[in-house]
Amino acid sequence: CVTLIDDDELPDATEPGPWVAALFVQDQVKIGDHVELLGGLRYDRFELAVDNLFSGARFARVDHLWSPRLGLVVKPVANASLYASFSRSYLPQSGDQFTSLDASLAALEPEGFLNREIGAKWDITPTLNINVAAYVLERTNTRAPGAVAGTVELTGRQRSRGIELGLDGQIAKWWQVQAGLALQSARITSTTNAAPAGRHVPLVPEFQASLWQRFQIAEPVGVGVGILHQGASFTSISNAVRLPAYTRVDGALFVTLAKGVSAQLNVENIFNKGYFPTAHTDNNISTEFTW
């Protein structure tokens, strides 16, 4: 598979905005009946120029990024598989929307992501499967919200380690289930002016769990109920303020009106439990109620 964006299709150099040219090559090889290998390499040339109409300043940056990917899948039996993967990717400091660039960000190297993962999947039945994965994600040139509103602090390097367990599928013709469990730890691994090594990455709970079930109670009508739990996390890189853990109950109603036509009503936080889903700084914290 090869994807190429020609420079001739890019905007004129005098026009502000992102230029992106990419080349991607990937191949998947099957060895016998039990082994598959996947390899890929992506090259990106990313250029962004931003004009500040208030100050008249212009900021620009060009990055050349190489992103490899490797994977191995082993199927010891027909209904189970083991896998291992390695990938590296990047995100320019202008952000995922490529709209923010100033003198400080223009001088920074792109944020890097190095992910290593192993896992397994087992088809318990043809319609129900369980999967488990363990991963280590290394991030470099990272940033995080500062303790003061509107500030961003460099945190150097981060390491996230976690285990995820999931169940997905149909237990019976009238009963569908989706469940997930995640344990994770995200820490700063290099001391900077913003934070010492060992400090927790903000807005990353160490424990998360969810369970969603849908029941087809009659031919045209189905109901769903779900429980979501999120553990405590810190509001910013200062680790001075903690968001408390919370548990929320959601529901849904599904109605088939005609062939190919259906309606759905979702209610989030049925019991109107107050909780704090996220924060922007130590003193800018969001709270949520349904009604």
Side-chain angles (χ1 to χ4, degrees), residues 1-11 17-49 61-99 101 108-124 126-143 157-169 178 180 182 184 186 189 201 204:
C1 167
V2 178
T3 303
L4 177 63
I5 302 176
D6 196 334
D7 283 345
D8 293 339
E9 300 175 3
L10 299 176
W19 290 17
V20 180
L23 175 66
F24 180 73
V25 180
Q26 179 172 292
D27 193 18
Q28 184 169 343
V29 179
K30 188 174 183 179
I31 304 174
D33 296 328
H34 303 286
V35 179
E36 293 183 7
L37 294 175
L38 174 68
L41 181 64
R42 180 185 177 97
Y43 165 75
D44 289 272
R45 181 188 184 277
F46 182 85
E47 180 175 347
L48 178 66
R61 181 176 178 87
V62 179
D63 293 300
H64 301 272
L65 309 174
W66 293 91
S67 304
R69 179 188 181 192
L70 295 172
L72 170 66
V73 178
V74 179
K75 295 180 68 68
V77 293
N79 65 335
S81 60
L82 309 173
Y83 75 89
S85 68
F86 164 92
S87 64
R88 184 187 294 276
S89 59
Y90 296 90
L91 178 66
Q93 293 289 357
S94 52
D96 56 1
Q97 299 299 313
F98 312 126
T99 57
L101 194 68
L108 299 178
E109 295 293 326
E111 185 173 357
F113 303 83
L114 176 62
N115 189 61
R116 289 155 289 175
E117 183 175 333
I118 59 173
K121 179 181 178 182
W122 175 35
D123 294 328
I124 304 172
T127 60
L128 182 66
N129 68 78
I130 186 171
N131 58 81
V132 62
Y135 66 89
V136 177
L137 173 63
E138 305 273 358
R139 300 175 62 180
T140 56
N141 301 322
T142 57
R143 298 180 294 156
R157 293 176 175 269
Q158 300 176 7
R159 178 184 295 118
S160 300
R161 296 174 175 173
I163 299 175
E164 297 178 347
L165 179 66
L167 178 69
D168 183 28
Q178 289 180 311
Q184 56 191 343
T189 56
V201 176
V204 180

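We're numbering straight along the sequence, starting at 1. Only a predicted model underlies this, so the values are computations on that prediction, with no experimental measurement involved. Note: hydrogens, waters and symmetry copies are ignored here, and every other heavy atom, side chains too, is used.
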Q. Nearest heavy-atom pair of L70 and G39: which atoms, and what distance?
A. CD2-CA, 4.1 Å

Q | Test side chain to side chain contact (heavy atoms under 4.5 Å, CB included) applied to L165 and I130, step by step | A | CA-CA 8 Å; L165 179 66; I130 186 171; 4.1 Å; yes

Q. If you round to the nearest 0.5 Å, how far is OG of S85 from OH of Y135?
A. 12.5 Å

Q: Could I get the full list of salt bridge (Lys or Arg N to Asp or Glu O under 4.0 Å) partners for R88, not counting sequence neighbours?
A: none

Q.
Between E138 and Q158, is there a side-chain donor-acceptor contact under 3.5 Å, judged purely by atom types and distance?
A. no

Q | Side-chain H-bond candidate by donor/acceptor type, E117 with Y83, under 3.5 Å | A | yes

Q: Please lay out, stage by stage, how N129 and I124 fare under the test side chain to side chain contact (heavy atoms under 4.5 Å, CB included).
A: CA-CA 5 Å; N129 68 78; I124 304 172; 5.9 Å; no

Q) Could you give the distance from CZ (R42) to OG (S89), rounded to the nearest 0.5 Å? A) 10.5 Å

Q: Would you mind reporting whether H64 and Y43 have side-chain heavy atoms less than 4.5 Å apart?
A: yes

Q. Going by heavy atoms in the side chains, are L128 and L167 under 4.5 Å from each other?
A. yes

**Q.** Check: L114 and F86 side chains under 4.5 Å, non-hydrogen atoms
**A.** yes

Q: For residues V73 and L82, determine if any side-chain heavy atom of one lies less than 4.5 Å from a side-chain heavy atom of the other.
A: no

Q: Give the C-alpha distance, both sets of side-chain angles, the deciding distance and a yes or no for side chain to side chain contact (heavy atoms under 4.5 Å, CB included) between Q26 and L38.
A: CA-CA 7 Å; Q26 179 172 292; L38 174 68; 3.6 Å; yes

Q: Would you check if the side chain of N141 reaches a backbone N or O of P110 as a donor-acceptor pair within less than 3.5 Å?
A: yes

**Q.** Check: W122 and N79 side chains under 4.5 Å, non-hydrogen atoms
**A.** yes

Q: Taking the side chain as every heavy atom from C-beta outward, state whether Y90 and D63 have any pair of such atoms under 4.5 Å apart.
A: no

Q. Side chain of D44, backbone of A22: donor and acceptor closer than 3.5 Å?
A. no

(Q) Counting C-beta onward and ignoring hydrogens, is there a side-chain heavy-atom pair between R139 and E111 closer than 4.5 Å? (A) yes

Q: Let me see the working for T142 and T140 under side chain to side chain contact (heavy atoms under 4.5 Å, CB included), right down to the final yes or no.
A: CA-CA 5 Å; T142 57; T140 56; 5.9 Å; no

Q. H34 side chain to K75 main-chain N or O, any donor-acceptor pair under 3.5 Å?
A. yes

Q) Does some side-chain heavy atom of L41 sit less than 4.5 Å from a side-chain heavy atom of W66? A) yes

Q: Give the C-alpha distance, both sets of side-chain angles, the deciding distance and a yes or no for side-chain hydrogen bond (donor to acceptor under 3.5 Å, both in side chains) between R161 and Q184.
A: CA-CA 5 Å; R161 296 174 175 173; Q184 56 191 343; over 6 Å; no

